[in-house]
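The analysis underlying the following values was restricted to heavy atoms, covering all of them including side chains, and did not include hydrogens, waters or symmetry mates.
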Amino acid sequence: MILANILAGMVTAGFAIAALFFLRFWRDTRDGLFLCFAAAFLLLGISQLVLSLESVSDEYRAWVYLGRLAAFLLIVVGILRKNRR
């Protein structure tokens with residue numbers, strides 16, 4: 001169980017680092033795609049953090065996965081907006 005918590009923390013930290021990288025790229029270029037990716041990775045990190053810290057029962061776990069769905073939809077919207085121009 002301890003190893004699973006350590007790995008979940010590493011995944012959460014990886015999502016946070018990716019969000020910070022994309023925020024830096026957005027700051028340099030002001031490209032909206034990077035902002036969408038940063039927000040998506042932040043949502044993925046938050047959902048991973050909730051799953052690892054809280055003892056969420058199986059029946060309420062679907063609500064946490066809606067955050068992941070929102071993150072992937074945000075990526076799709078960012079890509080579509082970028083390619084529409």
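Once rounded to the nearest 0.5 Å, the distance linking CG of Leu69 with OG of Ser47 reads 11.0 Å. Leu33 contributes atom CG, which lies 8.5 Å from atom CG of Asn83 (distance to the nearest 0.5 angstrom).
With hydrophobic clusters built from ILVMFWY side chains whose heavy atoms lie under 4.5 angstrom apart, Phe15 shares a cluster with Phe37. The cluster map of Ile, Leu, Val, Met, Phe, Trp and Tyr, joined by side-chain heavy atoms under 4.5 Å apart, puts Ile79 and Phe22 in the same cluster. Grouping the Ile, Leu, Val, Met, Phe, Trp and Tyr side chains by contacts below 4.5 angstrom, directly or via other members, places Ile2 apart from Leu53. Leu73 and Trp63 fall within a single hydrophobic cluster, where Ile, Leu, Val, Met, Phe, Trp and Tyr are joined by side-chain heavy atoms under 4.5 Å apart, directly or via other members. Cluster annotation: Leu80 and Ile75 are assigned to distinct hydrophobic clusters (Ile/Leu/Val/Met/Phe/Trp/Tyr, side-chain heavy-atom contacts under 4.5 Å, transitive).
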Evaluate Leu51 against Arg61 for side chain to side chain contact (heavy atoms under 4.5 Å, CB included), listing each step before the verdict. CA-CA 8 Å; Leu51 283 175; Arg61 218 171 256 215; 3.7 Å; yes
For a side chain to side chain contact (heavy atoms under 4.5 Å, CB included) check, start with the C-alpha distance between Lys82 and Asp31, then their side-chain angles and the critical distance, and finish with the verdict. CA-CA 9 Å; Lys82 177 77 173 181; Asp31 189 0; 2.8 Å; yes
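Between Leu23 and Leu35 there is a side-chain heavy-atom pair separated by less than 4.5 Å. Side-chain contact check for Leu44 versus Arg68: some heavy-atom pair is nearer than 4.5 Å.
Cation-pi geometry between Arg30 and Trp26 is met: under 6.0 angstrom from the ring centre, within 45 degrees of the axis.
Looking at residues two or more places apart in sequence or on another chain, you find no side chain to side chain contact (heavy atoms under 4.5 Å, CB included) involving Ala13. With sequence neighbours left out, Phe25 forms a ring-ring contact (aromatic ring centres under 6.0 Å, His included) with Phe34.
Nearest approach of Val64 to Val50, heavy atoms of both residues: CG2-CG1, 3.9 Å. Shortest non-hydrogen contact noted between Leu74 and Ala40 is CD2-N, 3.7 Å. Closest non-hydrogen pair, Gly45 versus Thr12, comes out as O-CG2, 3.7 Å.
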